Amino acid sequence: MLEWAQEHILSAVKGIVETSHVFSALGFKYFGPIDGHDLEALERELARIKLLGGPRLLHVVTRKGQGFHA
């Protein structure tokens, strides 16, 4: 079980690194992934990257069914 978890984590990290390289090659500054349900962290990150120049891409992860509650 531990071996599977290590492989899963390594695969996820590798995917994030490869994704950031793709966007960097296109001239984008890549940030994330960030939890889209943590509004305070999302606001902080948006304010932080707003100050940077050039095109920026923020990877926000959400889960279906966690939206606005009336």
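Computed from a predicted structure; not experimentally measured.
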- line: Looking only at heavy atoms, the pair that brings Gly27 and Pro55 closest together is O-CG, 3.2 Å
query: So, for Lys50 and Arg56, which heavy atoms are closest and what is the spacing to 0.1 Å?
result: O-NH1, 3.8 Å
- prompt: Do Val61 and Asp35 have side chains that get closer than 4.5 Å, going by heavy atoms?
  reply: no
Just distance, no hydrogens or angles: give the donor-acceptor pairs under 3.5 Å from side chains in residues 39-46, sequence neighbours left out.
from: Glu45; atom 1: OE1; to: Arg48; atom 2: NE; distance (Å): 3.3
from: Glu45; atom 1: OE2; to: Arg48; atom 2: NH2; distance (Å): 2.7

Atom pair CG/OH of Leu57 and Tyr30 - distance to nearest 0.5 Å: 7.0 Å
- request: Go through the steps for Thr62 and His37 under the test side-chain contact (heavy atoms from CB on, under 4.5 Å), then give the verdict.
  value: CA-CA 6 Å; Thr62 60; His37 299 289; 3.5 Å; yes
- prompt: Where is the tightest heavy-atom contact between Leu52 and Lys29, given as atom of each residue plus distance?
  reply: CB-NZ, 4.4 Å
